[in-house]
*Asks:* 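Below is the structure I would like to discuss, written out as structure tokens.
In the text below, chain A, chain B and the rest are named by the order of the sequence lines, each starting its count at 1. Bear in mind the structure is a predicted one, so any value in this text is a computation, not a measurement.
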There are 2 protein chains.
Amino acid sequence: MNQTYQAKIYVTLRPSVLDPAGTAVQKGLQQLGYTTVDRIRIGKYIELSLKAEDESMASQQVHRICDQLLANPVIETYRFDLEQLPVAVLGEGQ
Amino acid sequence: MNQTYQAKIYVTLRPSVLDPAGTAVQKGLQQLGYTTVDRIRIGKYIELSLKAEDESMASQQVHRICDQLLANPVIETYRFDLEQLPVAVLGEGQ
């Protein structure tokens, strides 16, 4: 029996990598008067659902998906949370 | 005495808004063999730190920042977590 899991994935730039978008946002915020805002980093937040036999298999699959497609391991790291979806939610989404 | 807070902000497309980037990633994953992956939504994940008198003031400020700059309220929603940073962390970042 396959279970459905929702993964919430956070992809962030490695601390050593410059974040020009973050710097631009920080300058914009300072011009708007938010002078105490600091250390902005902009990353990606991805939600997806997938089917797997158990949480361990789902986790392995999400790791592979991140490594292959969602994150660039040279400049980015990722982490994710997994949550098993009740069967009822499946019906709602269709 | 101002405290330093870190905000972790999640900006996501409203459910009614199409997500072409998410659709493209889903097609890519299916071509890679991840056929059970479904309902991909791609959003932004933003980390920033700011100074405020207390958590309530910090929360108000982050709401204003999101409304003014980080999220487009027509097509996006946001949520965030606030965490008070210990003073020692400040020193590390500089």
Side-chain angles (χ1 to χ4, degrees), chain A residues 2-13 15 19 21-53 57-58 60-62 64-70 76 78-81 85 89-90 92-94, chain B residues 2-13 15 19 21-53 57-58 60-62 64-70 76 78-81 85 89-90 92-94:
Chain A
N2 271 350
Q3 307 293 323
T4 303
Y5 294 88
Q6 184 181 46
K8 296 181 175 180
I9 304 165
Y10 312 90
V11 180
T12 47
L13 287 170
D19 181 1
T23 307
V25 169
Q26 185 165 342
K27 282 186 185 159
L29 286 174
Q30 280 177 349
Q31 285 168 4
L32 289 171
Y34 301 101
T35 50
T36 70
V37 173
D38 197 10
R39 286 182 288 166
I40 301 196
R41 306 285 285 178
I42 300 182
K44 283 176 285 187
Y45 170 64
I46 300 145
E47 288 180 351
L48 57 83
S49 68
L50 78 169
K51 291 190 174 63
E53 276 179 34
M57 298 289 283
Q60 283 179 32
Q61 211 170 331
V62 175
R64 283 202 305 271
I65 285 172
C66 289
D67 287 331
Q68 285 187 34
L69 199 72
L70 298 182
E76 292 170 329
Y78 63 85
R79 61 191 168 82
F80 60 84
D81 305 320
L85 293 183
V89 172
L90 258 184
E92 284 171 26
Q94 284 165 355
Chain B
N2 271 351
Q3 307 292 324
T4 303
Y5 295 88
Q6 184 181 48
K8 295 180 175 182
I9 304 165
Y10 312 90
V11 180
T12 47
L13 287 170
D19 180 2
T23 307
V25 168
Q26 185 166 342
K27 283 186 186 158
L29 286 174
Q30 280 176 351
Q31 285 169 4
L32 289 171
Y34 300 101
T35 51
T36 69
V37 173
D38 199 8
R39 287 182 287 164
I40 301 196
R41 306 286 285 177
I42 299 183
K44 283 177 287 187
Y45 170 64
I46 300 145
E47 289 180 349
L48 58 83
S49 69
L50 79 168
K51 290 191 174 63
E53 275 177 35
M57 298 290 283
Q60 283 180 33
Q61 210 169 332
V62 175
R64 284 202 304 271
I65 286 172
C66 289
D67 287 331
Q68 285 187 34
L69 199 71
L70 298 183
E76 292 170 329
Y78 63 85
R79 61 189 167 82
F80 59 85
D81 305 320
L85 293 183
V89 174
L90 257 184
E92 285 171 25
Q94 284 165 354

*Asks:* Calculate, to the nearest 0.5 Å, the distance between atoms CD1 and CG belonging to Ile65(B) and Leu32(A) respectively.
*Replies:*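 If I round to the nearest 0.5 Å, the distance is 9.0 Å.
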*Asks:* Would you mind checking which part of Leu69(B) comes under 4.5 Å of any heavy atom in chain A, side chain (CB onward), backbone (N, CA, C, O), both or neither?
*Replies:* side chain
*Asks:* In chain order, what residues pass the side chain to side chain contact (heavy atoms under 4.5 Å, CB included) check against Thr36(A), with sequence neighbours excluded?
*Replies:* Leu50(B), Lys51(B), Gln61(B)
*Asks:* Could you measure the distance from the CD1 atom of Ile46(B) to the CD1 atom of Ile40(A)? Nearest 0.5 Å is fine.
*Replies:*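 Reported value, rounded in 0.5 Å steps: 8.0 Å.
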*Asks:* Of the non-hydrogen atoms in Arg79(B) and Tyr45(A), which two are nearest, and what is the gap between them?
*Replies:* NH2-OH, 3.0 Å
*Asks:* Supply the atom-to-atom distance Tyr10(A) OH to Glu47(B) CD, rounded to the nearest 0.5 angstrom.
*Replies:* 11.0 Å
*Asks:* Checking heavy atoms, do the side chain of Ile9(B), its backbone, both or neither come under 4.5 Å from chain A?
*Replies:*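 The answer is neither part of Ile9(B).
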*Asks:* I need the minimum non-hydrogen distance between Tyr34(A) and Arg64(B), along with the two atoms involved.
*Replies:*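 Looking at all heavy atoms of both residues, the shortest contact is OH-CB, 3.3 Å.
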*Asks:* What's the spacing between Asp38(A) CG and Thr4(B) OG1 if we round to 0.5 Å?
*Replies:*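 The OG1 atom of Thr4(B) is 9.0 Å from CG of Asp38(A), to the nearest 0.5 Å.
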*Asks:* Measure distances from Thr35(B) to the heavy atoms of chain A and classify the residue's part below 4.5 Å as side chain, backbone, both or neither.
*Replies:* neither
*Asks:* Please state whether the side chain, the backbone, both or neither of Gln68(A) comes within less than 4.5 Å of a heavy atom of chain B.
*Replies:*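 Contact with chain B: side chain only.
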*Asks:* Between Ala7(B), Gly43(B), Gly22(B), Ser49(B), which residue shows the highest count of heavy-atom pairs closer than 4.5 Å to chain A?
*Replies:* Ser49(B)
